[in-house]
Amino acid sequence: MSRYPPYGGATSIQSLNEMWAQVKQGIDRIYNMEGISKPQYMKMYTDIYNYCTSVDPARNCVTQPLAKKGKGEARGAKDTGGGARFVGDELYTKLKDDLKARVVDLKRGADGKVGNDLLEYFYTHWSRFRKCSVTVDGIFNYLNRNWVKRECDEGRKNIYFVYQLALNTWKEHWLKPHQAQVIPALMSEIERERRGENILKSAYLKVIIDCYVELGFESDDGGAASAMAASGSPAPASGGSVSRGGSSRSHVGGGGGGSGKGGSSTDRLHFYEEMFERQFLDETEQFYRVESRDFLQQNSVTAYLAKAERRLEEERKRCSDYVHRSTEEKLLARCMEALLAAHLSVFWQEFPALLDADREQDLGRMYRLCSHVQQPHRADAAGGSDSLPVNGLDRLVELFEQYVADRGLEAVKSVSSAVLSSEGQDAKLYVDTILGVHRKYYNLVLQAFSNNRRFVEALDKACMKFINRNELTKLAKNNQKTPELLARYSDALLKKGSKDNVVGDELEDTLTHVMTVFKYIEDKDVFQKFYSRFLSRRLVYNQSVSEDVESSMISKLKENCGFDYTTKLQRMFQDIGASRELNTRFQDFVTKDGAALGLDFEIKVLSSNAWPIHISQGSGVTIPSELERCYTTFDRFYKKTHEGRKLQYSYNYCRGELITNFTKNRYTLQVSTYQIAVLMMYNTETSYTVQDIAATTSIEPQVLQQVLAILVKAKLLTLPSAEAAADAAELAPGTRLALNQDFKNKRLRINLNSQLKCESKQEQEQTSRLVEEDRSYMIQACLVRVMKTRKEMKHQKLVAEVISQLSQFKPSVQQIKKNIDTLIEKEYLQRKSGERDKYEYLA
């Protein structure tokens, strides 16, 4: 029988069988959980080392019979280059047989057990076996690093590192024979937990399920693919005796101590996926399909949503507690399919009712759940193989958009009659109604829908629908009514003395709300025209609450629509500043000239191309002699300093103050130029006929009628008793109007300067005309810009391009076609010969 020299000169020569008998005693103690001491551990390690490195001193070769050779060298030994040859095949076979016997014995102990008994047995004996195998693997470390590694490198099948060998033995001789009982027991425990019943500790389940992960290598693999450590201490890492059940030292080998063959982590999960995960996912989905169907039949949708959310959270925790982390994504996908995707139509039906009831929490829960759903949707009706994912939010977004649009239309409809019937039209009521709808659903999007981009877009589309075309625009027979009313509302906020005035931060916030509505308006050019008209009155009459606030509003418009949109508005402010300097210089001129005016006189010189002020027909008036000197003096001053400029006086924008000297109390009357011309006549006589007043003032009859009506209504002028009783709608030319010598009023300052109806109508018509003119210019400019770049373009593409480029309004196809014809007449474009639907640009 072969001999091998002692290791370190301290060990007597032993045969393989004698050495194995001693090693097996230690292995028995380890697997019996009796524990071994550190010296015992080192003795076993040394014996194995000596056997693996045994040589004959005389011949310097192995005296143990060699195994059958292959590939030019012995299977049982390896040449080290110095004559020593490593052996291990017989030792490996003995260890393999011993492990098999132990596992088979454990398998017999589990025969006949089911359910919890089987799982508890599995947990107890697998935990011990795995822990003990770690220690045994450490004892056979030298065999692992040399003989096993060589066999694996040469591709020999069914050779494993010692720890991996132990795992494979457990898999083949314990787990596979009991697989048909273990998996149903696991599934039953998990289902019981889902039903709220008491189960085994989750730690037990985790150990058992992790076993499937750790056994994730093929039985016919050639061993471990990863290289062994080049060096390592043969002794345990910690001193003292080896703990009962095995060593806690790190070890080299597959599974628990090192990476064995089995390839990537995905490959190593194959056994777990095939044996456990697949059935686990199928039964989970089936469980929730049945539960969700039964629950929905007996409970409300909102209760179901809460339960579904709770179930998903439970499954996440389950993955964290005892299922492998790689299963979480697949598990949640199957749960969502059963709990959510299968019932999307029910959610969609309930969604409007939740919006009606303002159930923000339930809406948020529905959003969160549906946002995770990717529902398969066939791309073709014939059931082709191609399928496209449909996000669970798709229908919710559509329903939300339609719902908000409907609620907005209803809200506007409820106030439309009141808005249009009120004197001057109640712009505040209209804008507040729109803002109320927007604010409500904006907060809902922010809170319940987490400010999701798709819901924000749906809210914007819905607001554009009900803001631009609604019941009010139908009643007014004007689709441009919304920008006009928004401009009126802005004017009320920015004008001094308005009942809608707010101050400070509140005013700034309100203007921000105005801009919220503004961004949804399609006809932004209409807003610009009305806004500039109202701004001109505020600036001319010094009625702005603050120039800083006015500038802030213009900055908001500029940020939204660009520099060109606010160019004229900014020029108006520049003119007001220049007029202040001009009046200071005029006063210096009057002082130096020595021409006393006899009254306070202020004038504003405005650029005709920036201001929406026009000299309307019938706006002429004969200036009273008391004012004539002021006008002529200023003309002389202005022409002297500004040669080549022409001044045109817009009397319908002028106003002044008169003081009554015929009354007991001295009243200050704030009046227009027309009213000044009429009232100044009464410095000479106390009564005039309408015909006399018209002849003296040269005011157009239509305007004069309204001027006199205001004075009569204020009781400054009185009618004959007979006509006063008749309350004639129109004053006859011969009607005599007398100055009311007994005039009284509660206020000492009386504002009689209200806008005339005829002026208001003319301004409305002029604004509409200017809008159409400007739109024609903008369309033509856009057409030329596009055609200059493209040179040639078909009609439909040209129309689509123009619509996409114009942001201040949405032109109709008819408008674009009309302006194309205009450009053809102006020889900017021409139709291409032989292709009537194609245009060419003419340089």
Side-chain angles (χ1 to χ4, degrees), residues 405 434 457 460-470 472-474 476-487 515 517-533 557-569 609 612 763-832 835-842:
I434 291 173
E457 291 174 355
D460 291 344
K461 291 177 182 178
C463 289
M464 290 187 71
K465 288 180 182 178
F466 78 81
I467 288 176
N468 290 287
R469 281 166 290 278
N470 51 49
L472 184 138
T473 60
K474 290 180 182 178
K477 297 180 180 180
N478 182 3
N479 286 335
Q480 300 173 354
K481 198 66 181 174
T482 297
E484 177 189 343
L485 290 174
L486 184 63
M515 294 305 300
V517 180
F518 175 79
K519 76 175 183 178
Y520 296 123
I521 291 176
E522 291 178 353
D523 300 318
K524 291 181 171 59
D525 56 334
V526 176
F527 175 89
Q528 196 261 2
K529 288 293 184 294
F530 280 99
Y531 185 87
S532 63
R533 197 179 93 194
L557 293 172
K558 183 178 180 180
E559 181 180 350
N560 196 286
C561 296
F563 175 78
D564 291 341
Y565 190 81
T566 59
T567 300
K568 290 185 178 181
L569 302 180
N609 61 345
E763 287 186 350
Q764 289 274 13
E765 292 174 351
Q766 185 201 31
T767 301
S768 299
R769 186 179 68 256
L770 289 175
V771 167
E772 294 303 319
E773 289 178 359
D774 287 352
R775 285 187 172 184
S776 292
Y777 295 145
M778 291 174 71
I779 292 173
Q780 290 176 27
C782 186
L783 284 167
V784 171
R785 189 165 57 247
V786 171
M787 289 301 298
K788 189 174 182 180
T789 303
R790 305 293 181 85
K791 305 303 180 184
E792 292 184 358
M793 205 168 187
K794 287 194 172 184
H795 177 80
Q796 294 297 335
K797 290 186 177 180
L798 179 58
V799 169
E801 186 68 22
V802 170
I803 291 175
S804 68
Q805 287 197 19
L806 292 175
S807 60
Q808 292 189 21
F809 67 100
K810 187 176 180 179
S812 66
V813 176
Q814 191 62 32
Q815 284 178 308
I816 297 174
K817 185 178 179 181
K818 180 180 178 181
N819 283 282
I820 289 175
D821 293 338
T822 302
L823 291 176
I824 291 174
E825 292 177 4
K826 294 179 178 180
E827 297 184 352
Y828 282 93
L829 306 177
Q830 71 177 10
R831 286 185 172 86
K832 189 172 183 180
E835 297 184 60
R836 300 298 295 171
D837 66 334
K838 197 169 189 179
Y839 304 105
E840 292 180 320
Y841 177 72
L842 299 177

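Residues: numbered from 1 along the sequence shown.
Here Glu773 does not pair with Lys529 in a salt bridge; the nearest charged N to carboxylate O distance is not below 4.0 Å.
Of all heavy-atom pairs spanning Gln815 and Ile779, the tightest one is CB-CD1, 4.0 Å. Closest approach of Phe466 to Ala405, counting heavy atoms only: CB-O, 3.8 Å. For the residue pair Pro612 and Ser532, the shortest heavy atom distance occurs at CG-O, 3.5 Å.
Distance CD1/Ile467 to CG/Leu486: 9.0 Å, rounded to 0.5 Å. Between atom CE of residue Met464 and atom CD of residue Glu522 there is a gap of 5.0 Å, rounded to the nearest 0.5 Å. If you take CD on Glu484 and CG on Asn478, they are separated by 7.0 Å, rounding to the nearest 0.5 Å. For the atom pair Met793 CE and Asp837 CG, the distance stands at 12.0 Å (nearest 0.5 Å). With values rounded to the nearest 0.5 angstrom, Gln480 atom CD is found 10.5 Å from Asn468 atom CG. Remark: Met778 CE to Asp564 CG distance equals 9.0 Å, nearest 0.5 Å.
Two residues are said to be in side-chain contact when any heavy atoms from C-beta on lie closer than 4.5 Å; Leu472 and Leu485 meet this criterion. Counting heavy atoms from C-beta on, the side chains of Asp523 and Phe527 never come closer than 4.5 Å. Taking 4.5 Å as the limit, every side-chain heavy atom of Leu798 sits out of range of all side-chain heavy atoms of Ile816. Inter-residue side-chain proximity for Tyr841 and Leu829 is flagged as met; some heavy-atom pair is nearer than 4.5 Å. Looking at Leu783 and Tyr839, their side chains never come closer than 4.5 Å, going by heavy atoms from C-beta outward. Contact check for Tyr531 versus Leu569: side-chain heavy atoms found under the 4.5 Å cut-off. For the pair Tyr520 and Thr482, the minimum side-chain heavy-atom distance is 4.5 Å or more. Between Asn819 and Leu823, the closest side-chain pair of non-hydrogen atoms is not below 4.5 Å.
At most 12 non-hydrogen atoms from other residues, nucleotides or ligands lie less than 6.0 angstrom from NZ of Lys461. Environment of NZ in Lys477: sparse, with no more than 12 heavy atoms of neighbouring residues, nucleotides or ligands closer than 6.0 Å. Within 6.0 Å of NZ on Lys519 lie more than 12 heavy atoms contributed by other residues, nucleotides or ligands.
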**Asked** Does the side-chain contact (heavy atoms from CB on, under 4.5 Å) test come out yes or no for Lys558 and Phe563, once each step is laid out?
**Response** CA-CA 5 Å; Lys558 183 178 180 180; Phe563 175 78; 3.6 Å; yes
**From CA spacing to verdict: side-chain contact (heavy atoms from CB on, under 4.5 Å), Phe518, Leu557** = CA-CA 9 Å; Phe518 175 79; Leu557 293 172; 3.9 Å; yes
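Among Arg831, Lys797, Lys832, the one residue that satisfies the salt bridge (Lys or Arg N to Asp or Glu O under 4.0 Å) test with Glu792 is Lys832.
Side-chain atoms of Asp821 do not come within 3.5 Å of backbone N or O of Lys818 as any donor-acceptor pair. Side chain of Asn470 to main chain of Thr473: a donor-acceptor pair is present (N/O by atom type, distance under 3.5 Å, no hydrogens or angles).
The closest side-chain donor-acceptor pair between Gln805 and Glu801 falls under 3.5 angstrom.
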